[in-house]
Amino acid sequence: MKSAVETIKNHRTYRHFKENIQLPAEDLQTIIDCARQAPSWMNGQHYTILNISSPELRQQIAEQQPANPQIATCSTYLIFIADLHRADLSGQAYNGTFTAAGDPDSLITAVTDTALAAQNAVIAAESLGYATCYTGGIRNIAPELVELLKLPKNTFPIVGLCIGVPDIEMNLKPRLPEEAVYAENRYPDDQIISDGLAQYEQTMTAFGEAREKFPFREKFARYYSNTYAPRNHALLPKQGWLCTDWNTEKPQQD
């Protein structure tokens, strides 16, 4: 088993997995145990992890995610769900109003807890020698997943995680220059960031990742010039998220 530092510093994403390989039950349990040990706001553990063990259900999800065929071929596929449903049940047990659930901060809290648990799972899986791949694209089919996975109100699918044995080797991808993402005491100047972005664009062009169709900065210029997953705009309030009028200032509690 690799150390945590070694595992993290050698992380890479794999999208091609050997098929028909099952994770030993003890390894899967270790991964889940590590995910559940992630820190969380108020120890609320505002997430649920679903193991999509049904081949039929896995295939249904894969068919709706044609850009992520690895969903169908990896050994284990987990979906990490932001979850305030348990908080609602806790509130019902003590006559709470649950009014804060629709506030933006509640969404941030649940997504943060979910991401921390997912990353713990990645580190655990990779330290055991497995390859991993996040599939954030499942948010594009969130309405379908709500139905397929029978998700109650106050939940939302955030990210999927493929775990398995890699079929091909992947190179370690370069990261942005440190000065573009790390600073002390104050946010870095735009010029420092812009210079770092230009430098990194050249680095990634030379790296030559086959799946990248555009230079690094152009990729994000294109992405953030459009609205993606527009159906989620209506789905989020329907699921109980972002449904409070947070523009109205509320009186401070003593």
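The structure displayed is predicted, hence computed values, not measured ones.
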Original post:
Would you say the side chains of Q37 and D33 form a donor-acceptor pair under 3.5 Å?
Top reply: no
Original post:
Any luck finding a side-chain donor-acceptor pair between E126 and T132 under 3.5 Å?
Top reply: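 Per modelled atom types, E126 and T132 side chains form a pair under 3.5 Å.
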Under the rule for side-chain contact (heavy atoms from CB on, under 4.5 Å), what residues qualify as partners of [X], not counting sequence neighbours?
| X | value |
| --- | --- |
| E19 | T73 |
| A131 | Y14, F17, P166 |
| D27 | P24, L128, Y130 |
| N154 | L84, D88, F98, A101 |

Hydrophobic cluster identity match, [X] and [Y], side-chain contacts under 4.5 Å:
| X | Y | result |
| --- | --- | --- |
| Y228 | L235 | no |
| V122 | V111 | yes |
| L57 | V159 | yes |
| I158 | I108 | no |
| L176 | Y223 | yes |

For the atom pair [atom1] ([X]) and [atom2] ([Y]), what is the distance rounded to the nearest 0.5 Å?
| X | Y | atom1 | atom2 | result |
| --- | --- | --- | --- | --- |
| L172 | N10 | CG | CG | 6.0 Å |
| D83 | T48 | CG | OG1 | 3.5 Å |
| Q22 | N20 | CD | CG | 10.5 Å |
| L161 | I163 | CG | CD1 | 4.5 Å |
| L149 | I52 | CG | CD1 | 5.0 Å |
| Y47 | L116 | OH | CG | 9.5 Å |

Counting only heavy atoms from other residues, nucleotides and ligands, does the tally under 6.0 Å from [atom1] of [X] exceed 12?
| X | atom1 | value |
| --- | --- | --- |
| Y187 | OH | no |
| E26 | CD | yes |
| K2 | NZ | yes |

Who passes salt bridge (Lys or Arg N to Asp or Glu O under 4.0 Å) against [X], sequence neighbours left out?
| X | answer |
| --- | --- |
| E218 | R222 |
| D113 | none |
| E179 | none |
| E169 | R12 |

Write down the atom of [X], the atom of [Y], and the distance for their closest heavy-atom approach.
| X | Y | value |
| --- | --- | --- |
| S75 | L23 | CB-CD1, 3.2 Å |
| A35 | A121 | CB-CB, 4.0 Å |
| P157 | I81 | CA-CG1, 4.1 Å |
| C162 | Q70 | SG-CG, 3.6 Å |
| A142 | N232 | CB-OD1, 3.4 Å |

**OP:** Show the numbers, then the answer: is there a side-chain contact (heavy atoms from CB on, under 4.5 Å) between L78 and I32?
**Re:** CA-CA 10 Å; L78 306 176; I32 299 302; 4.0 Å; yes
Heavy-atom donor-acceptor pair, [X] side chain to [Y] backbone, under 3.5 Å:
| X | Y | answer |
| --- | --- | --- |
| Q239 | T155 | yes |
| W241 | D103 | no |
| T227 | P230 | no |

Within a strict 4.5 Å, meaning less than it, do heavy atoms of the [X] and [Y] side chains meet?
| X | Y | value |
| --- | --- | --- |
| I123 | C34 | no |
| F156 | L107 | no |
| V181 | P188 | no |
| I141 | L148 | no |
| I31 | T76 | no |
| T114 | I49 | no |

N/O donor-acceptor pairs under 3.5 Å from side chains in residues 199-216, not counting sequence neighbours:
from	atom 1	to	atom 2	distance (Å)
Y200	OH	P174	O	2.7
E201	OE1	R217	N	2.8
E201	OE1	R217	NE	2.9
E201	OE2	R217	NH2	3.1
T203	OG1	Q199	O	3.1
T205	OG1	E201	O	2.8
E209	OE1	K173	NZ	3.1
E209	OE2	K173	NZ	3.2
E212	OE1	K219	NZ	3.4
E212	OE2	K219	NZ	3.0

**OP:** Go through the structure and list residues passing side chain to side chain donor-acceptor pair (under 3.5 Å) with Q45, not counting sequence neighbours.
**Re:**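 Per chain and number, Q45 pairs via side chain to side chain donor-acceptor pair (under 3.5 Å) with N43.
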Subject >> Residues which pass side chain to side chain donor-acceptor pair (under 3.5 Å) with S225, listed by chain and number, not counting sequence neighbours >> reply: none
**OP:** Please report the C-alpha distance between T13 and C133 in whole Å, then the side-chain angles of each, then the deciding distance to 0.1 Å, and finally whether the side-chain contact (heavy atoms from CB on, under 4.5 Å) criterion is met.
**Re:** CA-CA 5 Å; T13 294; C133 176; 3.6 Å; yes
**OP:** Not counting sequence neighbours, list each pair that qualifies as a side-chain hydrogen bond (donor to acceptor under 3.5 Å, both in side chains) and has a residue in residues 133-145.
**Re:**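 Checked against side-chain hydrogen bond (donor to acceptor under 3.5 Å, both in side chains) - neighbours excluded - the pairs reaching residues 133-145 are Y77-T135, Q119-Y134, E144-R231.
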